[in-house]
Amino acid sequence: MDYKFNEIEKKWQEYWRENKTYHVEINDKPKCYVLDMFPYPSGAGLHVGHPLGYIASDIYSRYKRLQGFNVLHPMGYDAYGLPAEQYAIQTGQHPAITTTKNIARYREQLDKIGFCFDWDREVKTCSPDYYKWTQWAFQQMFNSFYCNKHQKAMPIEKLIERFETKGTLSDDGGVIKVACSEELNFTADEWNSWDEVKKQQVLMNYRIAYIGETMVNWCPKLGTVLANDEVVDGVSVRGGFPVVQKKMRQWCLRVSAYAQRLLDGLETIDWSDSIKETQKNWIGRSEGTEVEFSVKDSDVKFTIFTTRADTMFGVTFMVLAPESDYVAQVTTAEQKQAVGEYIDYVKKRTERDRISDRKVTGVFTGSYAINPFTGEAIPIWVSEYVLSGYGTGAIMAVPAHDSRDYAFAKHFNLPIIPLIEGADVSEESYDAKEGIVSNSPRPGVKPYIDFSLNGLTIKEAIAATKKYVTENNIGRVKVNYRLRDAIFSRQRYWGEPFPVYYKEGMPYMIPADKLPLELPDVDKFLPTETGEPPLGHAQKWAWDEKNAQIVDTKLIDNKTIFPLELNTMPGFAGSSAYYLRYMDPHNDKALVSSEANGYWQNVDLYLGGSEHATGHLIYSRFWNKFLFDLGVVCQEEPFKKLINQGMIQGRSNFVYRIKDTNTFVSLGLKDQYDVTPIHVDVNIVNNDQLDIEAFKAWQPEFATAEFILEDGKYICGWAVEKMSKSMFNVVNPDMIVEKYGADTLRMYEMFLGPIEQSKPWDTKGIDGVNRFIKKLWNLFWNDGKLDLSDEQPTAEELKTLHKTIKKIGEDIEHFSFNTSVSAFMICLNELKGCKKRSVLEPIVVLLAPFMPHVAEELWHALGHDTSVCDAAWPKYNEEYLKESAVKYPISFNGKVRFNLELPTDMSKDDIEKTVLANEQTAKQLDGKAVKKVIVVPGKIVNIVC
RNA sequence: GCGGAUGUGGCGAAAUUGGUAGACGCGCUAGACUUAGGAUCUAGUGCCGUGAGGCUUGUAGGUUCGAGUCCUAUCAUCCGCACCA
């Protein structure tokens, strides 16, 4: 019987759909949650790289199910975002329409591959019953603040109560420890005297979702702000447009409050080292000291941050960031013009300029700071190499031990004082954190304070300085993070609307029972002429506070009818908690019920690309931790284990046209001519051999092409490039499915190599996998009928079977799917046409995760009337795996080696005797006296002579 | 500059974690069956050498009876962070 994969695949895909084979509900079995990063449905459809991760997770899901787990394996769409909107602007189509179309196309393509998704749980981030919960979470963040003492988010009411009774005074007499944008200090009386607007302004300083006036990444071409992870090398990730820094009022999420927990959490989860490292870098924890400096002949004091508190005696100048508020305070009248000019110069420079040329620039403010350790007056400079956004935006410069300070000192001729014994700073700074401190204070200098670091190691000196600074109240120990708050507004249309209206300039949340606030229709998607976001075009986009409803924009009177927020949320809003929604997708009372969350807990296995390391995977963890603080979810980390599948690159093919002709020369002969390589559609090339007729038909200009062949063939050149339409190297999964079947596609994608590695797609080799499936298939059938015997298996057959059961199970647990495919091939070779039911039936179950359609067909042919998905994973028996003899490598003084087969149960003494009695051993020994025989049990025999 | 990962045949890759390197597949060679072959089957295939034999896991050392695997340097490629004080 022929292997008619398209009939089989169609038949079982329908069967699974009709029988709801993959539908899951909470039951009393142990759970397993296997999740793929949901796709963004672009217009291009899926290429062969997209399903790689889906196939791997599908195999794992099916395996876990066969092992008796209740497996949640859902799929959905991340449907809001910039590309759909850019497309809408270009084509005039509503993004909702193109998105719906794209989703349908994705679904069609996914269905052909035979995944075990529970489609009843599908989510789309752009559908109102989904984004209701995105908006809800945002409102919870607005109504929360982060308490650093308890290290968790708390209701803002608690903070208000506190302000009403104690202001910002904490129990220990300091300022309350809460995450904020700016440290405020006020009494209860002051608080109580303020009006509503002032109170709201102050609260904004503490809310987890807040409006902040911050430097943002503004992308003029896209007409929107972007988050830090959406900008690379000064250009936008989407589109590659220039990005400039601009101060704007924006919604922000206080992700930075969670920096330490985001860092600590990494220790508890099973992710790859590289992605953990990437997140650690992104969070950028740095432990240091803040030290207060006063300005000479002035009341101004300012604070610097340093990780090298041991270098206090080597400070020779101070540097402020150009954006720092201190600049205006310390600039003297004489220097005012120079500083002003410098700041104008810095403003003109973009992020990109700064990255590309690292010129040493700066200007003296005219003021001097007093070093609290030496009493010296040291000049205060302004320079762009100090960043306003990190630390305090001000540094103490120690040119001897910091290369940037060194470059600055050399350029402006400032003094350099080495502080480490033996450090030579004549050519470059000594940045290493190793050595013994000296010159602290310098010998012969009258001590300003009674404190010395001389003779200590750097580590000890840092600790000693911290202690001194803290005790003498001139500073404090401080941990800084590079992680910044996430900017949460986008001046775009195609995103979640904020459930917010404005009264007297302050934002208010629309009532929770009125959610979702649905995205209104607009006729233009471009920003309005006034620079307002596209929602400014909406006809009905005002909030009637009294009647709690949306009304016509024209009615806004700012008394009872107020304007609604015009910005929308960014792409990561909808993708931050979608894994929770899958647990309980139709619940309209809660994001997820506590029953559903209590059962499914969190994601056991998460598969997706590593490009989300500093975006989605940070935001999701933050979002989940916030919901954890609220008590909405029971697990602090959303994704227990993460696997980053590699990218599938394209393998492009080239033809070589002889210059100024329409003649093409085959690869092997091209060096004899002056040729231009031209990308050719990989779909008309087979094993690098060009289908000449198809090529002529491909594009009109090639219709009359002529060819110089080698061995009667036209051989194409090739290169590995990104898979993209413009390279003509996109391979579509449907085409593979059509030609070879879904099972072959699944097996082959796994066979390509380790799941985490990036690799080019190369259709060469797919025949090998296809051949395996055909051979396997033919083993079962004869003359269109199942043809298996009930004979007992031989010891060899049992060994092969049990070896395979063991191997496949271990491989799946270790996500080593490529070796599983090999193991199946070896198994088939070893069985040598064995047609015994007792051997083949368990193998069908082993194959079910990999090639579900074939397995299902065979399973039913074997007489089962339920799905193979409901079978039990076979257990292997160690008994059958025992070797009758083991091959021992034998060496003589490490020089000569050969192998000897010995029974496994032999004692050490017997092994020695047998080895020495062995003919080959005797020959090798050649009369030499044996000094020692070493036996490492089960492994090796050594003879020392 | 800091950090992470990877280097094995013509190609994709294995290697029970320190024990006969190159499993399995592709490709290639020869043969069989075929009107035909982009079908199927059989055998061979790391490199050098007619040969016995020698060499071989980026390079150079080291530990070990024994190293692809561990240690130390070094080179190459890829990725993340980066005037972060």
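In what follows, chains are A, B, ... by sequence order, proteins preceding strands, each numbered from 1. Computed from a predicted structure; not experimentally measured.
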Consider only side-chain N and O atoms of A/Thr763 and A/Tyr740, and report whether a donor and an acceptor are under 3.5 Å apart. no
Got a sec? Which of residues 276-283 of chain A come in under 4.0 Å of RNA chain B, heavy atoms? A/Glu277, A/Thr278, A/Asn281, A/Trp282
Closer to the 5' end of RNA chain B via nearest nucleotide, is it A/Ser286 or A/Ala823? A/Ala823
Any idea how A/Tyr326 and A/Phe302 line up, ring-wise: parallel (<30°), tilted (30 to 60°), or perpendicular (>60°)? tilted
Please state whether the phosphate of B/A85, meaning OP1 or OP2, lies under 4.0 angstrom from any side-chain nitrogen or oxygen of A/Tyr385. no
Among A/Trp781, A/Phe780, A/Trp777, ring-ring contact (aromatic ring centres under 6.0 Å, His included) partner for A/Tyr3: A/Trp777
Chi-angle category of B/U17 [syn within 90° of 0, anti beyond]: syn
How would you label the contact of A/Lys807 with the nucleic acid (heavy atoms, under 4.0 Å): base, sugar-phosphate, or nothing? nothing
Ignoring hydrogens and angles, state whether a donor on the side chain of A/Glu384 or A/Thr361 is under 3.5 Å from an acceptor on the partner side chain. yes
Write out the stems for RNA chain B, ordered by first number and formatted as range with range, counting runs of at least 3 consecutive Watson-Crick or G-U wobble pairs under 3.5 Å. B:1-7 with B:75-81, B:10-12 with B:24-26, B:27-32 with B:40-45, B:46-48 with B:53-55, B:58-62 with B:70-74
Please name the residue in the list A/Ile304, A/Val386, A/Ile380 that meets the side chain to side chain contact (heavy atoms under 4.5 Å, CB included) test with A/Leu320. A/Ile380
I want to verify a distance call: between B/A14, B/G12, B/A23, whose nearest atom is closest to the A/Phe751 side chain? B/G12
P spacing across the pair B/U72 / B/C79, given as an integer number of angstrom: 26 Å
A/Asp402 side chain vs A/Ser429 backbone, donor-acceptor pair below 3.5 Å: no
Between A/Ser256 and A/Asp485: side-chain donor-acceptor atoms closer than 3.5 Å: yes
Over how many whole Å does the gap from A/Glu749 atom CD to B/G25 atom C1' extend? 16 Å
If the glycosidic angle sits within 90 degrees of zero it is syn, else anti. Tell me which applies to B/G25. anti
Send over the distance from A/Asn818 CG to B/A14 P, rounded to a whole Å. 5 Å
Of the listed B/C26, B/A23, B/G12, the closest approach to the A/Ser822 side chain comes from B/A23
Please classify the nucleic acid contact of A/Gln757 as base, sugar-phosphate, or nothing, using heavy-atom distances under 4.0 Å. sugar-phosphate
Under 4.0 angstrom, heavy atoms only, what part of the nucleic acid is A/Pro760 near: base, sugar-phosphate, or nothing? nothing
